[in-house]
Amino acid sequence: MIEMQNVRKKYSNGTTAIKDLTVKVEAGEFVYVVGPSGAGKSSFIKMMYREEKATSGQINVCGYNLMKLKDKKVPLLRREIGIVFQDYKLIPSKTVYENVAYAMEVIGKRPREIRRRVNEVLGLVGLSHKAKSFPSQLSGGEQQRAAIARAIVNVPKLLIADEPTGNLDPENSWEIMKLLEKINTQGTTIVMATHNSTIVNTIRHRVIAIEEGQIIRDQYEGEYGYDD
Ligand code: ADP
Ligand code: ADP
């Protein structure tokens, strides 16, 4: 699903965020990415969906060679990937239904299929009753569930989540984790950056720890390993 070989990321201001990183993630895995602030977690994750380009090395994601992938082909890669952010990034002027439907409209799905599938995923995330609400009318947990519905509506092979519970209280965080677990069980590979030690230590999965741009630990059913 993801293969990185000797990947380096140096930003134009001279900061080297990732140094000689090599890693493989197989289809179906659930991977936590942990580490201190500034360690390179976001840079690592952003390279997976070509939000950032690696400076050198090799990256393959969902069968695409990202070092050779032309910018105009990036939307093809993104069709295979769902992305969830800490701050949800829903479109404020669209309802929950419209936010989710839009992800299917932009790839040219038929109206009938859109209606069927949007209602199905809103049911899956428990938001059928909020379909006509706007994001500002939802709690944080509900907004994140809407964002997850949008991320999975096109049945991605890979779901990338950058601090998905970062703005949520513990109860809503567990709700989000229950959903991600279900999505993973149904076959979607998940990569999740997180600072939530309780979650990592309770729902055990592979843990990749990054410090100073390098993987310093890679452990199946690993623990969080930091005090924060
Ligand atoms: P984390 O997600 O673990 O906090 P980041 O990948 O955001 O780490 O950052 C790793 C390093 O790269 C930090 O030193 C950060 O300041 C730097 N960095 C991140 N994004 C940029 C950018 N767009 N331009 C320059 N430096 C950046
Ligand atoms: P939480 O318990 O996560 O803090 P809130 O108190 O924000 O949730 O919201 C509780 C319920 O009220 C949620 O179902 C939410 O959708 C609804 N709600 C919150 N704000 C509004 C609003 N401005 N208009 C309509 N419904 C709202």
Side-chain angles (χ1 to χ4, degrees), residues 1-25 29-62 64 66-67 69-71 74-75 77-78 81-90 140 143-144 147-148 151 156 158-168 173 176-177 180 184 189-201 203-220 222-228:
M1 187 65 47
I2 301 168
E3 197 166 357
M4 295 194 183
Q5 261 175 53
N6 306 109
V7 169
R8 231 165 57 83
K9 173 65 188 177
K10 186 175 178 178
Y11 288 104
S12 50
N13 70 355
T15 306
T16 298
I18 295 292
K19 310 169 181 162
D20 196 30
L21 186 150
T22 296
V23 73
K24 212 187 262 196
V25 175
E29 284 196 70
F30 193 130
V31 181
Y32 295 120
V33 179
V34 305
S37 290
K41 302 183 295 297
S42 293
S43 303
F44 175 53
I45 279 181
K46 284 177 178 169
M47 286 191 288
M48 294 174 190
Y49 59 99
R50 256 289 286 271
E51 181 66 20
E52 293 290 351
K53 282 183 190 172
T55 308
S56 60
Q58 287 301 321
I59 306 182
N60 270 268
V61 176
C62 297
Y64 290 90
L66 300 204
M67 305 310 281
L69 190 70
K70 299 256 196 301
D71 288 350
V74 169
L77 167 74
R78 299 273 174 91
I81 303 177
I83 309 170
V84 175
F85 303 95
Q86 177 170 3
D87 59 356
Y88 327 125
K89 297 198 193 298
L90 297 166
Q143 288 185 61
Q144 192 59 296
I148 290 172
L158 172 63
L159 183 68
I160 293 176
D162 198 349
E163 299 266 9
T165 65
N167 286 340
L168 302 177
S173 298
I176 294 303
M177 287 311 297
L180 295 181
N184 178 239
T189 308
I190 298 188
V191 175
M192 169 176 159
T194 185
H195 279 117
N196 193 315
S197 56
T198 312
I199 285 174
V200 173
N201 290 338
I203 307 175
R204 291 292 178 118
H205 289 297
R206 181 178 177 186
V207 174
I208 293 177
I210 297 187
E211 287 183 23
E212 295 178 10
Q214 290 178 311
I215 294 177
I216 57 125
R217 175 163 57 98
D218 184 350
Q219 210 172 14
Y220 285 86
E223 54 196 33
Y224 183 71
Y226 296 94
D227 293 331
D228 69 58

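When a ligand or atom number is given, it counts from 1 through the structure's own listing order.
Distances below 4.0 Å separate heavy atoms of N13 from the following atoms of ligand 1: 25 (C), 26 (N). Atoms of ligand 1 lying under 4.0 Å from any heavy atom of A39, numbered from 1 in the order shown and given with element: 1 (P), 3 (O), 8 (O).
Under the 4.0 angstrom criterion, atom 15 (C) of ligand 1 counts as lacking any protein heavy-atom contact.
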Test side chain to side chain contact (heavy atoms under 4.5 Å, CB included) applied to Y220 and R204, step by step: CA-CA 8 Å; Y220 285 86; R204 291 292 178 118; over 6 Å; no
Criterion side chain to side chain contact (heavy atoms under 4.5 Å, CB included) on V25 and R206, from CA distance to verdict: CA-CA 10 Å; V25 175; R206 181 178 177 186; 4.0 Å; yes
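The closest protein non-hydrogen atom to atom 19 (C) of ligand 1 is Y11 CE1, 3.5 Å. In terms of protein heavy-atom proximity, atom 6 (O) of ligand 1 is closest to S43 OG, 2.5 Å. With hydrogens left out, the protein atom closest to atom 7 (O) of ligand 1 is S42 CB, 3.6 Å, a heavy atom. Protein heavy atom at the shortest distance from atom 8 (O) of ligand 1 is G40 N, 3.0 Å. For atom 17 (C) of ligand 1, the closest heavy atom belonging to the protein is T15 CG2, 3.7 Å. Here the protein heavy atom with the shortest distance to atom 13 (C) of ligand 1 is G38 O, 3.7 Å.
The closest approach between any non-hydrogen atom of P36 and ligand 1 is below 4.0 Å. For S37, the heavy-atom gap to ligand 1 drops under 4.0 angstrom.
In terms of modelled atom types and a separation under 3.5 Å, the side chain of T22 and the main chain of N6 share a donor-acceptor contact. Proximity of a side-chain donor or acceptor of N201 to a complementary backbone N or O of Y224 within less than 3.5 Å is detected. With R8 contributing its side chain and G57 its backbone, the two residues share no donor-acceptor pair below 3.5 Å.
Side-chain contact annotation: T194 with N196, donor-acceptor N/O pair under 3.5 Å absent.
When heavy-atom distances to ligand 1 are checked against a 4.0 Å cut-off, S12 has no atom that comes that close, whether in backbone or side chain.
In this structure, the side chains of E52 and S43 stay at 4.5 Å or more apart for every pair of heavy atoms.
Salt-bridge annotation for D162 and K41: absent, with no side-chain N of the basic residue lying under 4.0 Å from a carboxylate O of the acidic one.
Using the six-membered ring where Trp is involved, H205 and F30 have ring planes that are parallel, under 30° apart on the 30 and 60° scheme.
Considering backbone and side-chain atoms alike, A17 places every N or O at 3.5 Å or more from each N or O of ligand 1.
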